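By convention in this document, chain letters (A, B, ...) are assigned in the order of the sequence lines, proteins followed by strands, and residues within each chain are numbered from 1. Just so you know, these numbers come straight off a predicted model, no measurement behind them.
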There are 2 protein chains.
Amino acid sequence: MTHVDHQAIDAAEPEARAGDARAEAFQGVRAARRNELAEDYVELIAELIHTQGEARPVDIATKMGVTAPTVAKTLDRLARDGLITRAKYRSVFLTEEGRALAKECRHRHEIVLRFLIRLGLDPETAEHDAEGIEHHVSERTLALFAAFANRS
Amino acid sequence: MTHVDHQAIDAAEPEARAGDARAEAFQGVRAARRNELAEDYVELIAELIHTQGEARPVDIATKMGVTAPTVAKTLDRLARDGLITRAKYRSVFLTEEGRALAKECRHRHEIVLRFLIRLGLDPETAEHDAEGIEHHVSERTLALFAAFANRS
DNA sequence: GCTAAAAGTTAGACGAAGCTAACAATCTGC
DNA sequence: GCAGATTGTTAGCTTCGTCTAACTTTTAGC
Ligand SMILES: [Mn+2]
Ligand SMILES: [Mn+2]
Ligand SMILES: [Mn+2]
Ligand SMILES: [Mn+2]
């Protein structure tokens with residue numbers, strides 16, 4: 001467990017062709033990028049289920065700022081990847097795996113957000129930046145962020 | 001200038017459909033994502049020109065950890081977007097605009113890296129994480145990172 | 001219980017970013 | 001200055017993530 005992996009879903013991009021340390025870093029970033037969308041979706045779905053009782057595609061679309069067909073296609077991919085289950089014209093459910101990923105993402109998001117605020121950032125900007133940064137923070141960095149956020 | 005924009009190249013994704021603050025954050029992240037690759041390329045090209053005297057596609061491919069055809073196609077896009085110039089079978093040059101972007105990216109990369117190391121991260125991991133985080137750091141956050149990195 | 005609005009789906013387009021296979025140009029070492 | 005190695009290009013395939021347009025199903029209000 002070196003870089004950002006978070007029990008990644010992967011399968012794509014033939015690794016190995018490493019050699020260069022730089023190349024490895026870029027490959028790690030590309031791997032993280034492939035999971036970003038899934039992470040944001042399951043995190044949002046968990047939140048909707050918690051606050052609204054259910055996760056409807058229309059609400060996902062609104063919160064994500066995309067159109068309904070985009071959500072539909074993305075949900076199909078998440079289902080294919082075993083993170084959610086869904087039935088036609090019904091709202092969405094997380095699988096065990098999806099729930100685990102959501103929890104992990106929520107946790108990471110929370111730490112990055114608190115860290116940025118602790119650093120002195122306004123909550124608005126902190127929320128924006130955390131939404132992007134959270135996917136590129138290794139376990140080590142996360143631990144340091146948490147320590148900083150919790151320091152008295 | 002709210003979130004990550006760094007004089008972004010954009011043009012895609014019809015904004016406006018905001019309303020929700022969350023949606024705006026996600027749209028910002030997607031916008032940042034669209035510039036990531038261009039940023040990494042121009043930064044690397046600038047570095048190669050500086051250290052090797054020229055930026056050859058084969059070296060870009062090695063450092064980025066991708067194949068030569070992938071580099072070729074990406075370079076075509078960068079040329080289309082006015083960041084580089086290139087001639088068949090020759091190495092790559094940055095335009096004025098590309099040079100400006102490279103400088104900005106280098107600067108951002110440097111600050112994020114120094115910040116992470118200052119936080120207590122090992123240089124290895126710091127380099128990996130910085131490569132991903134740099135694209136999702138707003139001006140405000142960058143300023144705080146710089147201040148933290150430079151504090152006595 | 002109809003009907004109109006809301007929500008969801010399907011089809012199809014498009015660009016980005018990756019790959020492999022095959023070919024072409026350039027460089028290098030003798 | 002030629003041959004073989006290296007580098008670069010082209011063609012074509014794939015998946016992802018976005019969109020619009022058109023259609024279907026469900027829900028809600030009367
Ligand atoms: Mn996010
Ligand atoms: Mn998040
Ligand atoms: Mn980078
Ligand atoms: Mn960089």
Side-chain angles (χ1 to χ4, degrees), chain A residues 8-17 23 26-41 45 48 52-81 83-84 86-93 135, chain B residues 8-17 23 26-41 45 48 52-81 83-84 86-93 135:
Chain A
I9 315 153
D10 278 74
E13 180 139 341
E15 212 70 17
R17 192 208 324 92
F26 280 126
Q27 283 169 343
V29 172
R30 284 199 299 276
R33 223 174 277 164
R34 273 183 264 114
N35 296 322
E36 284 187 68
L37 205 64
E39 292 179 355
D40 285 336
Y41 266 75
I45 289 166
L48 285 171
Q52 316 290 302
E54 63 176 344
R56 301 187 314 162
V58 67
D59 294 323
I60 298 174
T62 300
K63 296 281 187 189
M64 293 286 300
V66 296
T67 62
T70 294
V71 168
K73 221 176 251 186
T74 304
L75 291 178
D76 284 345
R77 279 194 300 270
L78 296 182
R80 182 201 62 191
D81 294 342
L83 294 171
I84 65 168
R86 70 203 220 92
K88 259 195 182 183
Y89 296 102
R90 299 265 86 107
S91 57
V92 178
F93 299 89
H135 312 281
Chain B
I9 315 151
D10 279 73
E13 181 138 343
E15 212 70 19
R17 192 207 324 89
F26 280 126
Q27 283 170 342
V29 172
R30 285 199 297 275
R33 225 173 278 166
R34 271 184 264 114
N35 296 323
E36 283 187 69
L37 205 66
E39 291 179 356
D40 285 336
Y41 267 74
I45 289 166
L48 286 171
Q52 315 290 302
E54 64 177 340
R56 303 186 313 160
V58 68
D59 294 323
I60 297 174
T62 300
K63 297 279 187 189
M64 294 285 301
V66 297
T67 62
T70 295
V71 169
K73 223 179 251 185
T74 303
L75 291 178
D76 284 345
R77 278 194 299 271
L78 296 182
R80 181 202 60 190
D81 295 342
L83 294 170
I84 65 169
R86 69 202 222 92
K88 260 195 180 181
Y89 297 101
R90 298 266 87 104
S91 58
V92 177
F93 300 88
H135 311 282

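For the pair A/R80 CZ and D/dT15 C1', the interatomic distance rounds to 8 Å; values are reported in whole Å. The CG-P distance, from B/N35 to C/dG15, rounds to 18 Å in whole Å. B/K73 has its NZ atom 11 Å from the P atom of D/dA11, to the nearest Å. Atom pair A/E36:CD and D/dT18:P shows a separation of 11 Å (rounding to whole Å applied). Look at CG on B/D81: it is 9 Å from P on C/dA17, rounded to the nearest Å. Atom pair A/E54:CD and D/dT26:P shows a separation of 15 Å (rounding to whole Å applied). Computed from coordinates, the A/E39 CD to D/dG17 C1' distance equals 16 Å when rounded to whole Å. In this structure, B/I60 places its CD1 atom 10 Å from P of D/dT9, rounding to the nearest Å.
For A/V66, taking side-chain heavy atoms from C-beta onward, the closest of the listed nucleotides C/dG18, C/dT9, D/dT18 is D/dT18. Among the nucleotides D/dG17, C/dT10, C/dA17, the one closest to any side-chain atom of B/R77 is C/dA17.
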Q) Does the side chain to side chain contact (heavy atoms under 4.5 Å, CB included) test come out yes or no for B/L83 and B/R77, once each step is laid out? A) CA-CA 9 Å; B/L83 294 170; B/R77 278 194 299 271; over 6 Å; no

Q: Could you please spell out the steps behind the side chain to side chain contact (heavy atoms under 4.5 Å, CB included) verdict for B/M64 and A/Q27?
A: CA-CA 8 Å; B/M64 294 285 301; A/Q27 283 169 343; over 6 Å; no

Q: Just do the side chain to side chain contact (heavy atoms under 4.5 Å, CB included) check on B/V92 and B/E54 with the steps written out, would you?
A: CA-CA 7 Å; B/V92 177; B/E54 64 177 340; over 6 Å; no

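When all heavy atoms of A/A55 and A/S91 are compared, the closest pair comes out as O-CB, 3.0 Å. Of all the heavy atoms in B/L75 and B/Y41, the pair that sits closest is CD2-CD2, 4.1 Å.
For B/D76 and B/K73, the salt-bridge test fails: no basic side-chain N is under 4.0 Å from an acidic carboxylate O.
Distances shown here put a side-chain N or O of B/R30 below 4.0 Å from the OP1 or OP2 atom of D/dT18. At the phosphate of C/dC19, OP1 or OP2 sits under 4.0 Å from a side-chain N or O atom of B/T70. Residue B/T67 places at least one side-chain N or O closer than 4.0 Å to OP1 or OP2 of C/dC19.
In this structure, NE2 in B/H135 is found 8.5 Å from CG in B/L37, a value given to the nearest 0.5 Å.
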**Q.** Heavy-atom protein contacts under 4.0 Å, nucleotides 2-8 of chain C, coded B base, S sugar-phosphate only, - none
**A.** -----SS

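Map A/R33 and A/D76 each onto its nearest nucleotide of DNA chain C; the residue landing nearer the 5' end is A/D76. Of the two residues contacting DNA chain D, namely A/L37 and B/A72, the nearest-nucleotide position lying further toward the 5' end is that of B/A72.
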